There are 2 protein chains.
Amino acid sequence: MAQVKPMRADARRNYDRLLEEAAAAFAEHGERASLDDIAKRAGVGSGTLYRHFPTRQALLEAVYVDAIDAIAVRADELAAELAPGEALVEWMNELAAGMIQVRGLKALLGSAMADGGAEVLARCGSSVKEAAVRLVGEAQREGTLRGDVEPIEVLRLAHGVASASELGGGDAVHIRRYLSLLTEGLRA
Amino acid sequence: MAQVKPMRADARRNYDRLLEEAAAAFAEHGERASLDDIAKRAGVGSGTLYRHFPTRQALLEAVYVDAIDAIAVRADELAAELAPGEALVEWMNELAAGMIQVRGLKALLGSAMADGGAEVLARCGSSVKEAAVRLVGEAQREGTLRGDVEPIEVLRLAHGVASASELGGGDAVHIRRYLSLLTEGLRA
DNA sequence: AGCCAAAGCGGAGACAGTCCCCGCTTTCTG
DNA sequence: CAGAAAGCGGGGACTGTCTCCGCTTTGGCT
């Protein structure tokens, strides 16, 4: 998705600098870090920040595009290594872990998975959705995943697992535990 | 929990008025409604609001004590009407529905279910926790619920179900669906 | 090289929210 | 009914968001 018209050199410089500082600030202070502060740290005026990224959401999206793409790529790696059913569960595990560890990613992906959130994050959310479609399809063809489960449901359940795990501290043990309760079911 | 020393008449009046307006404001504008605005609507200064409720959390807690108690009471009603396993599932369903419908309740109960959140909401959170202990115990004794599931895990899973359902619109159909996927498990 | 239109910058400032402080008012007590 | 204590309230400091517009930088063009 290269610019149709290349950015002016100073604009490009500021854009990159902002992205860099935003990543640092979000990592340090959480997804609610002050935007004006990010601008200051990047050595630009706040107007410049808001021109490049009209909303906090837009900035978060730009910052986490890489993390989101990595999640989508990871789906294919797992599909190549493991049986379809295992690949799906392992992917959900990594997806939930990513949503917890990378601060702000859960809310961001959440809005991509929300009912009318299609347009908001069309670009980066879609690669994750496509990955889900593939993994779910294969697991169902294999016969280890319930046939009536939709890919979007799997994504939302991963979000739910992340939410539940977060309450317990959000470490790997909790994620595996709640994911296992989901895959196995609560029935005796 | 009556005051050891009764409140002064004007203090009591303001307290009640604030609670009333806060409930209206949270219902209307969500849990992030302006606190100064609530004070204004209640006809008191912001200082008065902050004296009675030092944090937003404290105000939310006070507003939703009733809703939370109702959830705890509902556990016993369901236990009397249904088989233990069904009572637990139905309660989780109502718990998740409550967390979505009563705006702010999900975040509030979330902090009560969080790892170190014991003290924060000791009072109103504990009645819910005790209800969970009862329902889980009976369902396990009956043999319809996995024996290794902890009550706190059930609460966190209800929170997770609410999170997942919210992404789909948060209506009753979604809640039942995600809860059913959890109880039955994802395996074919 | 030098010009100049357009692209882009940046920070002042309007606005909204949170929360504290402390002089003033109301209530309760004897 | 007076005095002390409890409580009030709103001004104001502070932080964050976001816009506006005069000024600067850039890059194509000669």
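All of these numbers come straight from a predicted model, not from anything done at the bench. Below, all heavy atoms of this structure are taken into account, side chains as well, without hydrogens, waters or symmetry copies. Order of the sequence lines fixes the chain letters, A, B, ..., with proteins taken first and strands second; residue numbering starts at 1 for each chain.
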**Request:** Name all pairs fulfilling the salt bridge (charged side-chain N to carboxylate O under 4.0 Å, His left out) condition that reach into residues 24-39 of chain B, sequence neighbours left out, sorted by first residue then second.
**Result:** B:Glu28-B:Arg41
**Item:** No-H, no-angle donor-acceptor pair, B:Arg8 side chain to C:dT26 base, under 3.5 Å
**Value:** yes
**Complete:** Rounded to whole Å, the NE2-P distance (A:His29 to D:dT15) equals 13 Å
**Item:** Atom-pair distance (CG on B:Leu59; P on C:dT18), nearest Å
**Value:** 11 Å
**Prompt:** How would you label the contact of A:Arg13 with the nucleic acid (heavy atoms, under 4.0 Å): base, sugar-phosphate, or nothing?
**Reply:** sugar-phosphate
**Prompt:** NA contact type, A:Thr48, heavy-atom cut-off 4.0 Å: base, sugar-phosphate, or nothing?
**Reply:** base
**Asked** Considering heavy-atom distances to DNA chain C, does B:Arg32 or A:Gly45 have its closest nucleotide positioned more toward the 5' end?
**Response** A:Gly45
**Request:** Using atom CG of B:Leu18 as one end and atom C1' of D:dG7 as the other, report the distance to the nearest whole Å.
**Result:** 13 Å
**Path from B:Val133 to B:Val149 over hydrophobic side-chain contacts below 4.5 Å** = no
**Earlier contact from the 5' end, DNA chain C, for B:Ser34 and B:Asp10** = B:Ser34
**Message:** Nearest to the B:Asn14 side chain among C:dT18, D:dC8, C:dC9, which nucleotide is it?
**Reply:** D:dC8
**Asked** Would you call B:Arg56 and B:Glu61 a salt bridge, using N to O less than 4.0 angstrom?
**Response** no
**Request:** Among the candidates D:dG11, C:dG8, D:dC18, find the nucleotide nearest to the side-chain atoms of A:Ala11.
**Result:** C:dG8
**Asked** From D:dG11, D:dT17, C:dT18, pick the nucleotide closest to the side chain of B:Tyr50?
**Response** C:dT18
**Request:** Could you tell me the separation between the CG atom of A:Leu49 and the C1' atom of D:dG16, rounded to a whole number of Å?
**Result:** 13 Å
**Asked** What integer distance in Å separates B:Arg17:CZ from D:dG9:P?
**Response** 12 Å
**Request:** Using a strict 4.0 Å threshold on nitrogen-to-oxygen distance, state whether A:Arg74 and A:Glu77 make a salt bridge.
**Result:** yes
**Message:** Here's a test for you: under salt bridge (charged side-chain N to carboxylate O under 4.0 Å, His left out), which of B:Arg13, B:Arg8, B:Arg12 qualifies with B:Asp10?
**Reply:** B:Arg8
**Asked** In whole angstroms, how far is the C1' atom of C:dG17 from the CG atom of A:Leu35?
**Response** 16 Å
**Message:** Regarding B:Asp36, tell me which of base, sugar-phosphate or nothing describes its non-hydrogen contacts under 4.0 Å with the strands shown.
**Reply:** base
**Salt-bridge contact B:Arg146-A:Glu184 (side-chain N to carboxylate O under 4.0 Å)** = no
**Complete:** Here the distance between atom C1' of C:dA16 and atom NZ of B:Lys40, to the nearest Å, is 11 Å
**Asked** Which nucleotide in the list C:dC28, D:dG27, D:dT17 gets nearest to the side chain of B:Ala9?
**Response** C:dC28
**Asked** Side-chain N or O of A:His52 less than 4.0 angstrom from OP1 or OP2 on C:dG8?
**Response** no
**Message:** Please classify the nucleic acid contact of B:Asp37 as base, sugar-phosphate, or nothing, using heavy-atom distances under 4.0 Å.
**Reply:** nothing
**Request:** Write down the distance between CZ (B:Arg56) and C1' (C:dG17), rounded to a whole number of angstrom.
**Result:** 9 Å
**Asked** Within less than 4.0 Å of OP1 or OP2 of C:dG8, is there a side-chain N or O belonging to A:Arg51?
**Response** no
